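Following: one structure in C-alpha cells, then a few remarks.
Residue numbers begin at 1 in each chain, while the letters A, B, ... track the order of the sequences. All of these numbers come straight from a predicted model, not from anything done at the bench.
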Amino acid sequence: MSFVEYSDFIQDGDVAVVYLGHDSMMPVKVQQGAQTQTRYGVIRHSTDLIGQRYGSKVTCSKGGWVHVLHPTPELWTVTLPHRTQILYTTDIATITMMLELKPGSVVCESGTGSGSLSHAILRTVAPTGHLHTVEFHQQRAEKVAEEFKEHRVGHLVTVRNQDVCKDGFGVTGVADAVFLDIPSPWEAVGHAKAALKRQGGRVCSFSPCIEQVQKTCEALAHQGFEEISPLEVLLRVHDVRTVSLPLPDFGPDASSAQTPPDAREGTPRYGSVALKTTTAPREMPGHTGYLTFATKPRT
Amino acid sequence: MSFVEYSDFIQDGDVAVVYLGHDSMMPVKVQQGAQTQTRYGVIRHSTDLIGQRYGSKVTCSKGGWVHVLHPTPELWTVTLPHRTQILYTTDIATITMMLELKPGSVVCESGTGSGSLSHAILRTVAPTGHLHTVEFHQQRAEKVAEEFKEHRVGHLVTVRNQDVCKDGFGVTGVADAVFLDIPSPWEAVGHAKAALKRQGGRVCSFSPCIEQVQKTCEALAHQGFEEISPLEVLLRVHDVRTVSLPLPDFGPDASSAQTPPDAREGTPRYGSVALKTTTAPREMPGHTGYLTFATKPRT
Amino acid sequence: MADNGDDDPQYTIKEGDHVVLKRGDIFKAIQVLPKKKVIFEKQWFFLDNAVGQLYSSTFEIVSGNLQPKKPKDTEGSSDAKEAGTDNRHIVDDGKSQKLTRDDIETLKEQGLKGQEIIQQLIDNSSTFRDKTEYAQDKYIKKKKKKYENTVTILKPSCRILAMMYHGREPGKICHLRYDALAQMLTLANIHAGSKVLVFETCAGLVLGSVMERMGGYGSVIQMYPGGGPGRAGMESFGLPAHFHDMLHDFPICHVNALLAGTLDTTAKDQSAVEKQSNMAADEEQNQPEVKQQVSPEEKSMETNTGDDAALDQETKERDQRREAKAEEKKVKLEEKRKKLAAVASLLEGRNADGLIIASRFHPCPVLMGLLKFLSPSRPFVVHSQYKEPLIECYTKLREQGGTVNLRLTDTWLRHYQVLPNRTHPLLLMSGGGGYLLSGTTVATDRAKPGGSQRSEEPAPKRQKLTDTEG
Amino acid sequence: MADNGDDDPQYTIKEGDHVVLKRGDIFKAIQVLPKKKVIFEKQWFFLDNAVGQLYSSTFEIVSGNLQPKKPKDTEGSSDAKEAGTDNRHIVDDGKSQKLTRDDIETLKEQGLKGQEIIQQLIDNSSTFRDKTEYAQDKYIKKKKKKYENTVTILKPSCRILAMMYHGREPGKICHLRYDALAQMLTLANIHAGSKVLVFETCAGLVLGSVMERMGGYGSVIQMYPGGGPGRAGMESFGLPAHFHDMLHDFPICHVNALLAGTLDTTAKDQSAVEKQSNMAADEEQNQPEVKQQVSPEEKSMETNTGDDAALDQETKERDQRREAKAEEKKVKLEEKRKKLAAVASLLEGRNADGLIIASRFHPCPVLMGLLKFLSPSRPFVVHSQYKEPLIECYTKLREQGGTVNLRLTDTWLRHYQVLPNRTHPLLLMSGGGGYLLSGTTVATDRAKPGGSQRSEEPAPKRQKLTDTEG
C-alpha cells in the first residue's frame with residue numbers, strides 16, 4: 001500500500017480504511033497483533049486484515065461486518081484527524097485541475113494544515129514531481145511529516161516549518177504551481193512568484209472571506225499575475241429515495257362518460273403513487289472559501 | 001382593467017398583454033380603432049380585443065393566433081419598456097415578503113427606474129396603502145407617473161423627482177417599509193430611517209456589488225437598524241424535455257442462462273430508452289444583486 | 001395604517017394575542033395566555049409579564065418570568081475585542097479554558113446573566129486573545145447560544161412564520177422554504193379583492209400568508225382533503241377577526257360532484273354534508289396536524305372521566321348527553337350545510353382569480369382538478385418538494401392546453417455575513433426549498449371539445465420532436 | 001520538470017504542435033501547420049509566424065498574419081478612467097456616440113489597432129465620462145470584444161481544453177463542465193501507474209484528461225461503442241508520443257464475449273475482428289465526431305477522381321488498387337487482431353484500478369457491464385447530463401451490492417469579478433455541468449451466488465422503508 005500506488009493485499013504497516021456504513025469510515029494502522037474496536041466488534045489485524053484483499057468483507061467479533069478499503073487521498077480527507085480546518089474533495093478536485101497538476105509537477109503549498117490537500121497533490125504529481133509544503137505550526141509540521149512517511153509518500157515531499165509570509169517556500173524558480181491557504185495570502189504573493197518557474201506557472205489562494213480575496217487579487221495584479229480568476233465551487237448531494245404521494249379524493253365521478261384527466265391507469269382513485277426521486281439534504285455547506293486562480297507569465 | 005383589480009372583459013383604454021409564445025409577450029394599449037402588428041399579423045382592437053374576455057384566443061390577420069392576457073405586475077415586468085436596469089420577479093417576490101408588505105402598507109422607494117418593482121408594491125399595498133417613490137431622473141419620473149395613471153394605480157402612488165440622498169423621500173414617520181436601489185444606498189440610510197414610522201419598520205437595499213453592501217450594512221448598523229441580513233436569491237429554470245438515451249451493444253450474450261443485469265424488459269438489446277427529464281439552460285443569471293434587509297426598531 | 005402613536009393597540013402585546021418568540025435565528029409561535037408555561041430553547045417561563053409591553057421588546061428570563069430589557073443591551077461589545085492575527089501560537093492542550101463546568105454552574109446559581117457569563121468565559125480563556133477575530137467571533141457565538149437567556153416578542157407576519165416553520169419543522173410545511181413561498185404569493189398575484197383557491201397541507205402557513213396578503217378584502221377558499229382544513233399555522237398569524245369572514249372552505253371530496261352539477265346542498269339532502277363529517281372523524285388519526293391542536297389539558301380530561309362508582313347515575317347522564325349531542329350535531333350539520341352551499345356558489349361560477357397548491361398529495365391530479373375553477377387569464381402556482389411530479393403536471397398541461405407561460409423553477413437562497421474583513425456567505429445553507437410550477441390559464445376553444453387540442457402553440461413555433469418546450 | 005531555461009523545446013511553439021488560441025474567455029484548439037488558414041472569432045489568419053515563438057505569447061493579427069506583441073500592452077488603462085457617480089445626467093437620445101459606423105470602418109482601414117479604436121470611441125462618446133464606473137466598464141468590454149484583434153497562443157492542458165469545449169461546444173462533451181470533469185478525475189483517483197477504463201463520447205476530452213493525469217505511466221483502456229474510438233479532443237492535448245503507448249482500446253460489442261470467456265482473438269478466427277471493422281464502416285454516418293475529423297481537402301480529393309477519358313486504363317488501375325487494398329486490409333486486420341488480443345488480456349484479469357464513464361449512452365447498462373472489470377476497493381465515476389438515469393444506476397447498484405460509498409452529486413460553479421468597489425459574482429453562470437454518481441467497489445461474497453445479496457449494509461444500520469439511503 002501507498003497513497004500513490006494500489007496494492008491488492010493488506011500488509012503489515014499499511015494504513016487501511018474501514019468502511020462501517022454510509023458516511024462512516026475510520027483509518028486503521030495495520031499492525032501484526034493489534035486490534036481495532038468498532039461498533040460491530042473487534043477487528044484482529046493478524047487474522048482479519050493482514051493477507052486479505054483490499055475491498056474484502058471482514059466479520060467483526062460481534063458478528064457485524066465491515067469492508068476494508070485501500071486508502072486514497074479522498075478517503076483520507078474524510079477520515080483524517082482534524083488538526084485544523086481542512087480542504088474537502090470538491091475544492092481539492094478544482095484546485096488540482098485549475099493548477100494544471102500532473103505527474104512531474106513541482107508544487108509549493110502553505111499551510112500544510114492537516115495535510116488533506118497535500119495527499120491529493122502528492123497522488124497527482126507522483127512519481128516524478130515534488131511537493132514543498134510550509135507549515136508555521138511546529139507540532140503540525142512534525143505530525144504531518146510523520147503521516148507522509150507512514151503513507152509512503154515521504155520521498156515526494158519536503159515539509160518546512162517556517163512562516164511563508166516572512167521566509168517564503170524555501171525554494172526559488174522551481175515550482176509549476178503554488179497553493180496558499182493562509183490568513184493573509186497577499187503577504188505571500190511575492191514569495192509565490194519567486195517560487196514559480198521563470199517560464200511561468202499557476203497559483204491558487206483559498207480564502208473564506210471576500211476581503212482576503214480582494215487584497216489577494218490586488219497583490220496578484222501588482223505582482224504581474226494574469227488571468228486572475230476568483231471562483232467558488234459548491235457540492236450538492238442528492239439523496240436517492242422512494243417517496244409515496246397520496247392521490248386526492250375528489251369524490252365519485254358523476255359523468256362516467258368523460259373520464260377525468262387525473263384518472264390513472266392501474267391505480268385506485270383513492271391511493272398513492274410511489275416515485276423514485278432525490279431530495280436535497282436539509283442543510284448543506286453553503287460556503288467553504290473562494291478559490292482565486294492566476295497565471296504567472298514568463299518573466 | 002387595473003393593475004390592482006381583475007376584470008373579465010377587455011375595454012377601451014385597457015393595457016393588455018399579448019402572448020405570442022413561450023417567453024414572447026408584448027403590452028398593448030387598447031384603443032378603439034387602433035391596430036397592433038405582430039409576427040402573426042395585425043390585431044384590430046375594435047373587433048379583436050374590445051369586448052373580448054381576457055385570456056381569449058385572438059386570430060390575427062395572417063391566420064396565426066395569440067392569447068390576450070390581463071396585465072399583472074409580473075407580466076408587466078417581462079414586457080415593460082426598459083429605461084434602466086430593472087428588478088425581476090424573483091427579487092421582487094423576496095422583497096415583498098421580507099419587507100412584510102400587505103394591503104395598507106405605506107412604502108417608500110428610490111429609484112423608481114422603469115417601475116418594475118413599483119407595480120408589484122402597488123398591487124400588494126392596494127387598496128388602502130400608498131407608495132412614495134423618488135426618481136432623480138426627470139424624464140423617467142414623468143414617464144413612470146404617466147404609466148401609473150394608464151394602469152389605474154395613480155391614486156395609490158406619489159412620484160417625486162428629487163435626489164433621495166440629498167432630499168430624502170419627502171415624507172417623515174409614515175412608512176412601514178423602505179426600498180433602496182441607488183448607487184450609494186448608504187447615503188440614503190438616514191433618510192430611510194426618517195421616513196419609517198416611529199414604531200419601526202423594514203428596509204431593503206438592492207446592490208450589485210459587495211462593497212455597496214458592506215457600506216450599507218455599516219450605515220444601517222450605525223443608524224441603529226437591527227436584524228441586518230444580506231441575502232441573494234437566484235432563479236433556476238428547469239426545461240422539461242423528453243430525451244432518448246441509446247443503449248450500449250455489449251455483443252451477443254453467450255451465457256443465456258444468467259441474464260445480464262442490464263437486460264431491460266420490453267426494450268431490444270440494441271435500442272434506446274426515452275426519458276422525461278429537465279435540463280438546465282446553458283446559461284442562467286448568475287447574479288442580479290444582493291438584497292440587504294434590516295429592521296428599524298421603535299425609536 | 002397611519003401612525004397612531006404607541007396608544008394604538010396593534011403595537012401592544014395583549015392577552016390572547018398570537019405572538020412569536022425570538023432568540024437569534026430561532027422563532028416560536030405561541031398564544032399569550034395567563035399563567036401558561038412556555039418552553040422555548042429548553043427554558044421554561046411565563047409570558048404574563050409581557051402583557052401591556054410593546055411588540056419587538058426584548059426580555060430577560062429571570063427565574064421563569066420575563067423582565068423587560070433596555071434596548072441596546074443585547075449587543076455584544078465586539079469592538080472591544082483584541083484579536084490575534086493568526087492561530088500559530090495556539091497549542092491545543094484542552095486546558096485553555098480555566099473555568100470548569102462546575103464554576104459555570106456556580107456563576108449561574110449566583111444569578112449571573114448570559115452576557116456576564118460569556119464575559120467570564122472570555123476573561124478566563126488563555127487562548128481567546130490569541131485567536132483570530134474570525135475564531136473569536138465563532139467562540140462568542142457558540143457561548144452566547146449556550147448561556148444567553150433573552151427572548152424577543154414579535155408580532156407575527158408571513159416572513160417570520162415562514163422562517164419559523166422552515167427552521168423548526170420543515171416537514172410540516174412540505175419543505176416549502178420562505179423564499180419559495182414568497183415566489184408563490186407573487187407569481188399567483190395574490191392581492192386584495194380577488195377570489196383565491198388554496199390547497200395546502202402546510203399546517204395553514206400558506207393559507208395564512210394568502211389571507212395576510214389579501215388584507216381582509218376578497219375571498220379565500222380553502223380546498224381541503226378529508227379530515228378538515230389544517231389551520232394551526234394560519235391562527236398563528238393573529239389576523240384581525242374580520243379577516244376570517246373572507247375565509248371559506250370546501251372539502252375536495254365534493255369537487256367531482258360540484259363540477260358535474262350534482263352536489264345537492266339543500267336542506268333535504270343531508271348526505272353530502274354528513275358524509276363529509278363522518279369522513280372527518282374517520283380520517284382524523286391520519287392527520288398529525290389536527291391531532292397536535294388538541295391541548296394536553298383536553299386530552300387528560302377525556303381519559304379521566306371514567307369512574308367505577310355510581311354506574312346508574314352515569315348511564316342516565318350518558319343518555320342525556322347522547323340526546324344533547326344529537327341535537328348539537330343537527331344544529332352543526334345545518335350550519336355546515338349553509339356554509340357548504342355558500343362556498344359551492346362561490347365555486348360554481350368557475351371564475352376564481354388564482355390558485356395555490358402546496359401539499360403532500362400528488363400535485364398532478366390536484367392541479368388538473370382545481371384548475372377548472374379558474375377564470376381565463378389567471379395565474380396558478382404549484383409547489384412540490386420533488387421535481388418529478390411537477391414534470392408530470394407540466395406534460396399533462398401541455399397536452400391538454402388551456403394554459404400558457406408554464407415554468408418549472410426553483411430558487412436558490414444564500415445568506416451572507418457582512419462584517420469588516422469577515423464578509424462571506426454563511427457556511428451552512430438550506431439544501432432546497434422545493435420546486436414551483438407556475439402558469440396562466442387561457443380560454444379553451446369550447447367550439448371544438450375534446451379532439452386535437454395538442455397544438456396549443458402558434459403555428460410558426462413548432463416544437464422539435466424531443467423538446468416539450470423550447 | 002526541472003527548469004531547463006527557454007531552450008527547452010517544451011516552451012517553444014513548433015510546427016505540428018497542438019496549440020490553443022485564446023482571446024478573452026474564448027479558446028480554440030488547432031494544430032500549427034504551415035500556410036494553414038485559421039478562422040478564430042470571425043477573423044482569418046495564418047499561424048506560420050508563431051513557430052519559434054514562446055508559448056503564452058500574445059500576437060496582434062495584422063493583415064492575416066501574427067505579429068508578436070510586447071507584454072503588458074494588452075491591459076486597458078482602467079485607472080485613467082474618469083467616472084461619474086451615477087447616471088442621472090444621461091439622456092438617452094441615441095446620439096451620444098459621435099463616431100458613425102463609417103467612421104469606425106475608416107479607422108480600421110487606416111490600420112488602427114483594436115485598443116486605439118476603443119480609445120477613439122471613448123473620446124467621442126459624450127456620455128462616457130458621465131457613466132458610472134460600472135457602466136464604463138461594461139462599455140469598454142463590449143467595444144473590446146468588437147474591435148480587438150489580439151490572440152494568445154497557449155500550450156494545451158486539461159484545464160484549457162475542458163474550458164474550451166464547455167464554452168464552445170458543450171453538446172459535443174455531453175455538457176460535462178470543467179469542474180465536473182475535475183471532480184471525476186479526483187474521485188476516480190486517476191494517477192500514474194494505474195490501469196484505468198474510460199468510456200466516453202466526449203470527443204476524447206475525458207480520455208485526454210485521464211492520459212494527462214497518468215503522465216505516460218500505467219495503462220488506459222478506452223472502451224468504445226461501434227464506429228471506433230472518438231479521439232479528436234485527446235489529440236488536442238498534444239501529449240508526448242510515448243504517452244500513446246499506454247493507450248489501448250476495446251470495442252464494447254465484445255464485452256459480453258470477453259466476460260463469458262468466448263472471445264477468440266487467435267489468428268484462426270478473424271470474425272470477431274472483422275465484424276468490428278465492418279461495424280465501424282456501417283456506423284460511421286451516425287458519428288458526427290468522426291465525420292468532422294475528415295478534412296475538407298480529403299473530401300474534395302474523393303469527389304474529383306472521376307474522369308470520363310481513358311476508361312480502360314482506369315479499370316486496370318482500379319483492379320490493381322483493389323488488390324493492393326485487399327492486401328493492406330489483411331495487414332491491418334492482423335494488426336488489429338494483435339491489438340485486440342493485447343487489450344483483451346489486460347481486461348481478462350478483471351483487475352482495473354478505476355472506471356470513468358461520460359457518454360450519451362444510458363449510463364446504467366454501461367456501468368453495470370464495465371464495473372465487472374474492476375478490482376475490489378477501486379473507485380468509479382459516472383457522469384450524465386441528466387439526473388434520472390443516475391438514480392437508476394444508484395438503485396441497481398444498491399440492489400446488486402458490490403459497491404459502497406455511493407454518492408449522487410453535482411457541483412455549482414460561480415465565477416467572480418473582483419475589482420475595487422465593483423466586486424460581485426459574474427452576471428451569467430452556467431446552468432449546470434451534469435450529475436455524477438461515484439462509488440467504490442468491494443468484494444462480493446462469491447460463496448453465495450445470486451440469492452439475497454440485498455442487505456449489503458451492516459446490520460445495525462437498517463434503512464427506513466421509504467429511504468433508499470439514509
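Residue contact with chain C, scored on non-hydrogen atoms closer than 4.5 Å, involves the side chain of B/Glu100 exclusively. For B/Ser229, the part lying near chain C is the side chain, with the backbone staying farther off; criterion is any non-hydrogen pair under 4.5 Å. Contacts of B/Thr299 with chain C are absent, with no heavy-atom separation under 4.5 Å from either backbone or side chain. Heavy atoms of B/Leu291 lying under 4.5 Å from chain C are absent altogether. C/Leu181 touches chain B through backbone and side chain together, each having a heavy atom under 4.5 Å away. Contacts between C/Arg414 and chain B at a heavy-atom distance below 4.5 Å involve backbone atoms as well as side-chain atoms. Contacts between C/Ser56 and chain B at a heavy-atom distance below 4.5 Å are absent for every atom of the residue. Of the atoms belonging to C/Lys22, it is side-chain heavy atoms, and not backbone ones, that fall under 4.5 Å from chain B. Within the 4.5 angstrom heavy-atom criterion, only side-chain atoms of C/Tyr435, from C-beta onward, approach chain B. Looking at B/Arg53, the atoms closer than 4.5 Å to chain C (heavy atoms on both sides) all sit in the side chain, from C-beta outward. Using a 4.5 Å cut-off between heavy atoms, C/Leu413 touches chain B through backbone and side chain atoms alike. If you measure heavy-atom distances from C/Met184 to chain B, you find no contacts under 4.5 Å at all.
With respect to the salt-bridge test (charged N to carboxylate O, under 4.0 angstrom), the residues B/Asp176 and B/Lys197 qualify. B/Arg123 and B/Glu74 are joined by a salt bridge, as a carboxylate oxygen and a charged side-chain nitrogen come within less than 4.0 angstrom of each other.
When ring centroids are compared, C/His191 and B/Tyr6 come within the 6.0 Å threshold. Checked against a 6.0 Å centroid threshold, the rings of B/His119 and B/Phe3 count as neighbours.
Contacts with chain C were tallied for B/Thr89, B/Leu75, B/Thr278; B/Thr278 has the most, counting heavy-atom pairs under 4.5 Å. Heavy-atom pairs under 4.5 Å with chain C were tallied for B/Thr279, B/Leu231, B/Leu234; the largest tally goes to B/Leu234. Ranking B/Glu218, B/Glu5, B/Gln214, B/His130 against chain C, the residue ahead of the rest is B/Gln214, based on heavy-atom pairs under 4.5 Å. With chain C as the partner, the residue from B/Val17, B/Thr295, B/Thr96, B/Ile95 showing the most heavy-atom pairs under 4.5 Å is B/Thr96. Between chain C and the options B/Pro73, B/Gly200, B/Pro127, B/Ala120, heavy-atom pairs under 4.5 Å are most frequent for B/Pro127. Of all the listed residues (C/Thr409, C/Asp410, C/Thr411), the one sharing the greatest number of non-hydrogen pairs under 4.5 Å with chain B is C/Asp410.
Here the side chain of C/Glu212 pairs a donor or acceptor atom with the backbone of C/Cys158 at under 3.5 angstrom. Using a distance-only test at 3.5 Å, with no hydrogens or angles considered, a donor-acceptor pair links the side chain of C/Gln183 to the main chain of B/Thr90. When atom types are taken as modelled, the side chain of B/Thr172 and the backbone of B/Ala194 share no donor-acceptor pair closer than 3.5 angstrom. Remark: the backbone N or O of B/Leu20 is paired with a side-chain donor or acceptor of B/Tyr40 at under 3.5 angstrom.
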Side chain to side chain contact (heavy atoms under 4.5 Å, CB included) evaluation trace for B/Val107 with B/Leu101: CA-CA 8 Å; B/Val107 185; B/Leu101 305 189; 3.7 Å; yes
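Checking each of C/Asp353, C/Asn189, C/Thr440, C/Thr441 against C/Arg378 for a side chain to side chain donor-acceptor pair (under 3.5 Å) leaves exactly one that passes, namely C/Asp353.
We find the CD1-CG distance between B/Ile10 and B/Leu69 to be 9.0 Å, quoted to the nearest 0.5 Å.
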